[in-house]
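Any value given below was found using the heavy atoms of this structure, including those in side chains, with hydrogens, waters and symmetry copies removed.
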Number of protein chains: 6
Amino acid sequence: MKISARNVMEGTVKNVETGPIMANVKIEIKSPGVVTAIITKESVEKLGIKEGDTVSAIVKSTEVMIAKD
Amino acid sequence: MKISARNVMEGTVKNVETGPIMANVKIEIKSPGVVTAIITKESVEKLGIKEGDTVSAIVKSTEVMIAKD
Amino acid sequence: MKISARNVMEGTVKNVETGPIMANVKIEIKSPGVVTAIITKESVEKLGIKEGDTVSAIVKSTEVMIAKD
Amino acid sequence: MKISARNVMEGTVKNVETGPIMANVKIEIKSPGVVTAIITKESVEKLGIKEGDTVSAIVKSTEVMIAKD
Amino acid sequence: MKISARNVMEGTVKNVETGPIMANVKIEIKSPGVVTAIITKESVEKLGIKEGDTVSAIVKSTEVMIAKD
Amino acid sequence: MKISARNVMEGTVKNVETGPIMANVKIEIKSPGVVTAIITKESVEKLGIKEGDTVSAIVKSTEVMIAKD
C-alpha cells in the first residue's frame, strides 16, 4: 500500500504510554532522510526560506500516525 | 521561544518550489531523533504497538511547519 | 451555517467513550458520497492517481469534527 | 501495512485536478462504514452528543490522505 | 448547527487570494475571546505552562476553516 | 525563531486541565488581529466568500499549539 503522505520515517518504538482514550508513543527514527513541508508561499517569502538554510521542521504530535507491517 | 509541538527536527533546506498560494519545501534532516506520536489507545491495541517494534512514523506534508532563526 | 470543510458526512452516533480530556465517538455514516482530498501534486504523480482507480481515503481520527443541529 | 489512522474508506477516484503544488482529488466512497472522531470531552458535553444522535462527521480536505495498492 | 471545534472566531474578510487549487483568505477577528488548545501533558510540563502565563496560541493556516451564514 | 505558521495570537493562560496523556489549555487572546485561512478554491466559490463578508474562522482545538518564551 503506497500512501500520499510524503513523510514516512522508519524507526523503533522506545516507549508507549496509554491513557483512557489516547496514547503517547515515542519512536527513535533510524534514518529520517528528507522531510516535505507544504507551507504558504507567503511564509516562504516572510521567513526568506531558500536552499541551504538551516531550519527546523516542526510537527505537532497529534499529527503523527504510525504504520506497522 | 519554546513550542508545545513535540517534534522539532533540525535540517537543511534542499529545495523550495513555490506556486501561486502554496510552496513545497524539502528539508534534509540532520540528526535522527525521537518522534512523538499521539494516537488513540484503540490504535495501539489494534496494531499491537509495543516497545521494540519496527514501525513508520507518518506525517502528511501539510502538517509540517518550518522555523528559522 | 455553510462551512468551507469539503467533507460533511451524515450519520448516527453508535458509541461515545469519554476520558478526562478527550472522547472517542463512533459514527455510522449513512451515505458517505464523495470525499475530497487535498494532496500534493507530487503524491498524485508518485502514486499515479487517476480517474477510475480504487483507492482508500485515510483520515486520522483527531482530524474529524462533529456537528449537531 | 496497518496504519493507526482509524478512518480508512475505500472508493473510486472520480476526478483529479492538479495545480502547480497541490491537487484536488474526488473519491466516491463505496461502502459507508463507521467513522471515528476524537474530540474533547468538553465538546461532547456542550453539544450533548449521545448514542442515537443524528450528526455530521466533518473533515477538512487538507486532512484527507490517499492510499493505493 | 453546533460544531465540536472549540475555536469559532467571528470576523470580517479582508482579502481573498485564489490560486488554481487553494486560496489564502485573511480574516480580521472582531472580538478577542478564549482559544482552546489541546496539547500533550508532556508539553504542559516541559514548558511549565500555568495560569497567568503570557503565551502565544499558534495555528497553521491550513488548519483554519471558514463558516458563513 | 520565526515560524511558518501564519497565526500567532498572544494571550494569557486562563486555565490548564491535565489528564493522563493530554491537556486542555484555555488562553484569553489579547489582540487576535488577522487570521489566515488556507481553504480550497472550490470552498471560496461554493460559499461565495468575498471581501467584507462576516464569517467565522473555525479551528479544532487539537490543531492549536502553544509557545512560551
Nearest heavy-atom neighbours spanning [X] and [Y]:
X: C/Lys60; Y: A/Met65; value: CD-CG, 3.7 Å
X: C/Gly19; Y: A/Pro20; value: CA-CB, 4.4 Å
X: C/Ser43; Y: A/Ser4; value: OG-O, 2.7 Å

Report which part of [X] has an atom under 4.5 Å of a heavy atom belonging to chain A: side chain, backbone, both, or neither.
X: C/Ala23; answer: backbone
X: C/Ile49; answer: neither
X: C/Thr18; answer: backbone

Original post:
When only pairs under 4.5 Å are counted, which of C/Leu47, C/Val55, C/Ile39 shares the most heavy-atom pairs with chain A?
Top reply: C/Leu47
Original post:
Can you find a pair of side-chain heavy atoms, one from C/Lys46 and one from A/Arg6, that are under 4.5 Å apart?
Top reply: yes
**OP:** Measure the OG1-CD1 distance between C/Thr40 and A/Ile38 for me, rounded to the nearest 0.5 Å.
**Re:** 5.5 Å
**OP:** Could you point out which residue of C/Asn24, C/Thr62, C/Ile21 forms a side chain to side chain contact (heavy atoms under 4.5 Å, CB included) with A/Met22?
**Re:** C/Thr62
